[in-house]
Amino acid sequence: MSQHHFNFSYELFADWNQLSESDQTLVHQALSAMEKAYAPYSNFKVGASVLLETGQVICGSNQENLAFPSGLCAERVALNYVGANFPGVTIDTLCVVARGELMPDEQLLSPCGGCRQVMLESENRQEPPIRVILVNQDQRTMIVHRVKDLLPFGFGK
Ligand code: THU
């Protein structure tokens with residue numbers, strides 16, 4: 001038997017207005033994307049903004065469906081759009097924001113497992129890691145330096 005450890009570092013800010021100007025812009029874009037969420041079943045609205053190496057920003061929001069499994073998370077709406085329309089373009093940062101009672105305020109916002117798997121596949125397709133900015137409902141903000149940190153032992157190469 002051998003013992004192994006996994007640890008990673010992340011940044012925590014009390015409020016997203018402490019972020020750099022460009023990161024704050026990304027948060028603003030995710031917040032306005034969140035307003036376009038279609039979430040009548042969960043009342044949990046999520047917005048995602050993706051900054052590409054070209055400077056373009058692609059946004060997405062969760063889109064639910066009465067046939068529940070047919071809905072899709074904000075992160076996957078945005079990342080799949082990037083894959084479909086900007087193949088081969090490197091992703092710099094993904095920012096996620098959310099509003100709703102589904103998650104307690106004191107719990108840090110964190111992408112679901114399915115989205116992490118999709119995020120990981122995006123990261124594995126490019127050389128640099130993807131930064132992830134997660135903005136909590138109480139404004140606390142976490143910056144993770146690479147998707148791999150959010151999904152150790154993720155399925156993939
Ligand atoms: N949701 C996201 O958009 N992203 C996540 O990472 C977790 C959950 C959405 C899916 C569904 O529309 C609602 O939030 C409640 O689960």
Side-chain angles (χ1 to χ4, degrees), residues 6 8-16 19 23-52 56-87 89-126 128-156:
F6 174 79
F8 76 100
S9 61
Y10 57 92
E11 292 165 11
L12 209 52
F13 299 83
D15 195 295
W16 61 268
L19 301 179
D23 283 348
Q24 284 190 49
T25 302
L26 216 48
V27 176
H28 275 294
Q29 285 160 313
L31 284 168
S32 55
M34 187 184 74
E35 300 303 326
K36 297 176 190 153
Y38 175 65
Y41 307 108
S42 70
N43 285 319
F44 191 72
K45 293 185 166 199
V46 186
S49 54
V50 180
L51 173 65
L52 304 178
Q56 282 163 296
V57 175
I58 303 305
C59 292
S61 56
N62 53 329
Q63 299 294 316
E64 297 184 348
N65 193 281
L66 181 56
F68 289 173
S70 303
L72 201 59
C73 293
E75 297 92 318
R76 272 181 272 179
V77 167
L79 288 174
N80 287 342
Y81 187 92
V82 171
N85 295 285
F86 301 91
V89 178
T90 294
I91 296 170
D92 183 88
T93 306
L94 165 70
C95 173
V96 189
V97 303
R99 289 279 178 286
E101 286 171 15
L102 209 67
M103 283 256 299
D105 232 23
E106 60 279 7
Q107 196 180 316
L108 279 168
L109 175 68
S110 191
C112 78
C115 284
R116 291 175 200 216
Q117 186 66 44
V118 170
M119 288 157 63
L120 184 68
E121 186 115 357
S122 296
E123 184 167 88
N124 285 345
R125 273 189 271 177
Q126 62 182 53
I130 299 174
R131 292 168 73 231
V132 183
I133 304 175
L134 302 166
V135 181
N136 216 44
Q137 303 203 50
D138 62 8
Q139 319 305 325
R140 275 182 307 154
T141 300
M142 183 174 169
I143 297 187
V144 179
H145 307 294
R146 55 191 66 82
V147 171
K148 216 174 171 188
D149 289 341
L150 287 174
L151 192 65
F153 298 105
F155 179 67

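The structure displayed is predicted, hence computed values, not measured ones. We're numbering straight along the sequence, starting at 1. We count ligands from 1, going down the list as the structure has it; atoms in each ligand are counted the same way.
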N/O to N/O below 3.5 Å, does that happen between [X] and ligand 1?
X	answer
Leu72	no
Glu64	yes
Pro111	no

Does the side chain of [Y] come within less than 4.5 Å of [X]'s, by heavy atoms?
X	Y	value
Thr93	Ile133	yes
Leu31	Val135	no
Gln117	Leu151	yes

[X], portion touching ligand 1 at heavy-atom distance under 4.0 Å:
X	answer
Glu75	side chain
Leu102	side chain
Cys73	both

Provide the number and element of each atom of ligand 1 under 4.0 Å from a heavy atom of Ser42.
->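 Per the distance check, 13 (C), 15 (C).
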Could you tell me how the ring of Tyr41 sits relative to the ring of Phe68: parallel (under 30°), tilted (30 to 60°) or perpendicular (over 60°)?
->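 Tilted: the ring planes of Tyr41 and Phe68 meet at 30° to 60°.
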How are the rings of Phe8 and Phe6 set relative to one another: parallel (under 30°), tilted (30 to 60°) or perpendicular (over 60°)?
->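 Because their plane-to-plane angle lies in the 30° to 60° range, the rings of Phe8 and Phe6 count as tilted.
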Looking at Cys112, Ser61, Pro111, Cys95, which one forms a side chain to side chain contact (heavy atoms under 4.5 Å, CB included) with Glu75?
->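 That would be Pro111.
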Considering heavy atoms of the protein only, find what lies nearest to atom 9 (C) of ligand 1 and give residue, atom and distance to 0.1 Å.
->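 Answer for atom 9 (C) of ligand 1: Asn62 ND2, 3.5 Å.
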Option with minimal heavy-atom separation from atom 3 (O) of ligand 1, where the choices are Ala74, Ala78, Gly100 |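 The residue whose heavy atom sits nearest atom 3 (O) of ligand 1 is Ala74.
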Give a yes or no on whether Phe44 atom CZ has more than 12 heavy-atom contacts from other residues, nucleotides or ligands under 6.0 Å away.
->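 Buried by this count: over 12 neighbours within 6.0 Å.
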